Amino acid sequence: MNEEKIETEFTEQPEDTELNAENSDVEEPEATPEEETAEQAEEAAAEEKDPLEAAQEEIAQLKEQMLYKAAEFDNYRKRTIKEKAELLLNGAEKTVVAILPVIDDMERAIAEGQKTDDPVVLREGMELIFQKFQKVLEGLGVKKIETEKQDFNVDVHEAIAMVPGMGDENKGKVIDCVLTGYTLNDKVIRHAKVAVGQ
């Protein structure tokens, strides 16, 4: 009998130690489903509130940026309208200033022409003024359209007459220039009026 008691004591001890080990780790009581849903609702409310505030702050920033850009664009629009108006009023200033010396030369030529009747002197004076005027125009970007012995080109020439019987070598070529054409910065401002060989 004593042997049986001893065996039971030894066999019971490990069970006690296992229970003691399990009891030493204090477990928290499990939350009830109602408590879990309440916590989740609070967390969801906190999460919904933060994005809403963030969105409202972002909207306020975007409104401020939009107002700033609108004011900046309005200032730009007013400035460009003013600049365009000034260009329309004073756009010819550069041209007029460049032509004024030619007008001065013409006035002097007219004054000198009253003192002399020599046609050679008058002609030389007119040629000098004409050359000066051409240089002024070239400085402003105005160039004469070349027509002599050129192929007819509808981009720069305007045919006002067809001349038959000029031979095969002159077919489709400019025979005579009736009115000189000009370009301004490579843009045709007046087509050259020409007679073309047929």
Side-chain angles (χ1 to χ4, degrees), residues 58 60-198:
E58 188 177 352
Q61 288 175 354
L62 290 172
K63 278 185 180 178
E64 187 178 332
Q65 287 177 3
M66 187 194 71
L67 289 172
Y68 174 75
K69 294 291 182 187
E72 190 176 335
F73 178 75
D74 192 47
N75 290 339
Y76 168 76
R77 186 180 57 81
K78 288 177 183 174
R79 188 172 62 247
T80 53
I81 288 171
K82 183 180 177 183
E83 287 172 359
K84 283 180 183 178
E86 287 176 0
L87 279 173
L88 289 172
L89 290 173
N90 303 320
E93 180 180 353
K94 180 182 175 185
T95 305
V96 172
V97 168
I99 291 174
L100 288 177
V102 177
I103 293 173
D104 295 338
D105 287 349
M106 291 180 81
E107 286 176 347
R108 283 191 285 273
I110 291 168
E112 289 297 318
Q114 291 174 353
K115 295 177 184 176
T116 182
D117 291 332
D118 189 0
V120 175
V121 173
L122 293 174
R123 181 178 174 84
E124 287 176 356
M126 290 298 292
E127 285 176 355
L128 288 172
I129 292 169
F130 178 70
Q131 290 170 2
K132 185 174 184 177
F133 188 59
Q134 280 186 318
K135 285 181 182 176
V136 167
L137 289 177
E138 285 175 10
L140 294 170
V142 178
K143 291 182 182 174
K144 180 180 175 182
I145 294 173
E146 293 297 326
T147 57
E148 191 176 343
K149 296 182 182 177
Q150 298 288 319
D151 289 331
F152 177 73
N153 182 353
V154 294
D155 293 333
V156 293
H157 302 137
E158 181 183 338
I160 59 168
M162 301 296 285
V163 182
M166 297 300 294
D168 289 341
E169 67 275 359
N170 289 326
K171 191 174 185 179
K173 291 196 179 285
V174 174
I175 303 299
D176 186 28
C177 181
V178 179
L179 185 65
T180 306
Y182 291 94
T183 61
L184 174 62
N185 299 323
D186 298 326
K187 179 187 174 188
V188 176
I189 55 174
R190 187 172 81 179
H191 288 76
K193 296 188 178 185
V194 296
V196 183
Q198 191 175 17

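For clarity, every value in this text was computed on a predicted model and none was experimentally measured.
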Quiz: residues 90-111 side-chain donor-acceptor pairs under 3.5 angstrom, not counting sequence neighbours:
residue : atom : partner : partner atom : Å
Asp105  : OD1  : Arg108  : NH2          : 2.4
Asp105  : OD2  : Lys132  : NZ           : 2.8

To the nearest 0.5 Å, how far apart are [atom1] in [X] and [atom2] in [Y]?
X	Y	atom1	atom2	result
Lys84	Leu88	NZ	CG	9.0 Å
Asp155	His191	CG	NE2	7.0 Å
Lys143	Ile189	NZ	CD1	12.5 Å
Glu86	Lys82	CD	NZ	5.5 Å
Gln65	Glu72	CD	CD	11.5 Å
Thr183	Glu146	OG1	CD	10.0 Å

Please check if atom [atom1] in [X] has more than 12 non-hydrogen atoms from other residues, nucleotides or ligands closer than 6.0 Å.
X	atom1	answer
Met126	CE	no
Glu64	CD	no
Glu148	CD	no
Asp118	CG	yes

Show the nearest heavy-atom pair for residues [X] and [Y], with the distance to one decimal.
X	Y	answer
Ile145	Arg190	CD1-O, 3.6 Å
Val196	Ala159	CG2-CB, 3.8 Å
Thr147	Val194	CG2-CG1, 3.9 Å

> Does Glu112 pair with Lys115 as a salt bridge, N-O distance under 4.0 Å?
Replying inline: yes

> Do the non-hydrogen side-chain atoms of Glu83 and Arg79 ever get within less than 4.5 Å of each other?
Replying inline: yes

>> Checking side-chain hydrogen bond (donor to acceptor under 3.5 Å, both in side chains) between Arg77 and each of Thr80, Asn75, Asp74, which is the one that passes?
In response: Asp74

> Given Phe152 and Lys173, is the side-chain contact (heavy atoms from CB on, under 4.5 Å) satisfied, shown in steps?
Replying inline: CA-CA 5 Å; Phe152 177 73; Lys173 291 196 179 285; over 6 Å; no

